[in-house]
Amino acid sequence: MNQTLKGKDYISTQDWSNEEIELALDTASDLKIKFKNGDSHRYLADKTIFLFFFDKSTRTRNSFEAGITQLGGHAHFIDASTSQIAHGESPKDMGIILSSYGHGLAVRHDLVPGEGNTYMREIAKHANKPVINMQCDVDHPCQTLADLMTIRETFGNDLRGKKIAISWAYAPSYAKPMSVPQGLIMLMTRFGMDVTLAHPPEYTLMEDTLNIAKKNAEQSSTKFEIVNSMDAAFEDADIVYPKSWGIESLFHVPEQALEISKKYQHWICDDKLMGLTKKDSIYMHCLPADRGYEVTDDVIDGPHSVIYQEAENRLHTAKALMALTM
Ligand code: CP
């Protein structure tokens with residue numbers, strides 16, 4: 001295994017150079033082939049990663065747990081609500097103590113704007129082992145790495161001129177974190193794609209992430225634009241990624257946010273919208289999706305959808321991140 005990223009934290013894709021992201025993608029593709037062929041790849045024999053969860057998860061938890069097992073190591077699942085974190089134990093103490101017990105730490109802390117990224121950077125400051133962001137308030141770099149892998153598997157590595165439409169969509173289930181669209185606009189502008197973001201006026205993303213996306217687009221000679229309708233975003237798109245997210249100032253009063261979102265129930269990805277996209281376009285979603293609200297069954301189960309390939313790539317990319325950094 002390549003040793004150049006050993007010990008490096010992965011808290012935002014912005015913290016890694018394009019070459020480092022390329023190495024992670026190449027490693028994930030190699031691990032995917034080995035997994036499919038049944039070839040042994042125990043690069044982390046006897047190593048331990050500690051997984052801290054402040055929120056629920058299906059894909060992230062299981063891709064890390066299955067992934068570390070396949071790499072020959074072991075994961076400890078830590079539920080923040082049933083550990084001493086719930087009594088106020090500090091990120092500094094958690095970082096120092098648990099990094100002395102193992103070889104890597106990973107954290108999901110995504111539901112409170114202003115908290116999660118700060119919390120995991122505080123752990124990283126004191127831990128002497130790598131820290132991986134399993135989703136915070138700002139970024140979901142494990143998801144977006146798997147998304148980039150999926151897009152490249154579909155269209156090849158040269159994505160120049162491809163249009164990705166990242167759109168808000170209505171979901172009644174809960175106020176979903178803002179970190180997936182924010183992570184997407186920051187990463188995809190660096191890798192050749194022209195990025196169009198669409199949302200109703202209340203659903204603006206964090207200013208810092210918008211500024212980073214603009215800067216990345218300038219530096220990479222790609223485009224970044226914001227429009228106010230799904231139709232405008234989907235027009236001639238190669239990749240569509242419609243999903244819901246919450247209102248930054250209202251995460252502490254979910255009932256108010258839900259009331260506002262009801263005005264936008266027509267923001268649903270359906271066959272009519274997909275008809276505006278390129279013929280060979282792909283439909284993506286990080287999951288879980290609110291079927292019948294964010295997207296119709298016809299689209300999510302239809303020929304454009306790559307959701308299961310995208311979800312599978314969470315395993316291969318999680319393994320690459322652990323194998324390279326731990
Ligand atoms: N996409 C994603 O992060 O899924 P989970 O919330 O199930 O981990």
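Indexing begins at 1, ligand by ligand and atom by atom, following the structure's order. Bear in mind the structure is a predicted one, so any value in this text is a computation, not a measurement.
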| said: Within the 3.5 Å criterion, strictly below it, is a donor on E22 or N18 matched to an acceptor on the partner's side chain? | reply: no

| Numbered atoms and elements of ligand 1 in range of L287, under 4.0 angstrom, heavy atoms | 1 (N), 2 (C), 4 (O)

| query | At a non-hydrogen distance cut-off of under 4.0 Å, which region of V180 contacts ligand 1 (side chain, backbone, both, or neither)? | reply | neither

| Within 45° of the axis and under 6.0 Å from the centre of the six-membered ring of F77, does NZ or CZ of R61 qualify? | yes

| remark: Residue, atom and distance of the protein heavy atom nearest atom 7 (O) of ligand 1 read T58 N, 2.6 Å

| Side-chain donor-acceptor contact under 3.5 Å, E248 with Y203 | no

| Among K243, M134, H140, Q135, which residue places a heavy atom closest to atom 3 (O) of ligand 1? | H140

| What residue and heavy atom of the protein are closest to atom 6 (O) of ligand 1, and at what distance? | R108 NH1, 2.9 Å

| note | Distance col, row I226:CD1 vs T196:OG1, nearest 0.5 angstrom, shows 10.0 Å

| Heavy-atom pair of closest approach, residues G246 and A175 | CA-CB, 4.2 Å

| task | Answer with yes or no after comparing the ring centroid distance for Y241 and Y283 against a 6.0 Å cut-off, counting only values under it. | result | no

| Does C286 reach ligand 1 with a nitrogen or oxygen that is under 3.5 Å from one of the ligand's nitrogen or oxygen atoms? | yes

| field | Residue, atom name and distance, where the atom is the protein heavy atom closest to atom 4 (O) of ligand 1 | value | R59 NE, 2.9 Å

| said: Minimum distance, heavy atoms only, to atom 2 (C) of ligand 1: which one of R314, R61, K56 is it? | reply: R314

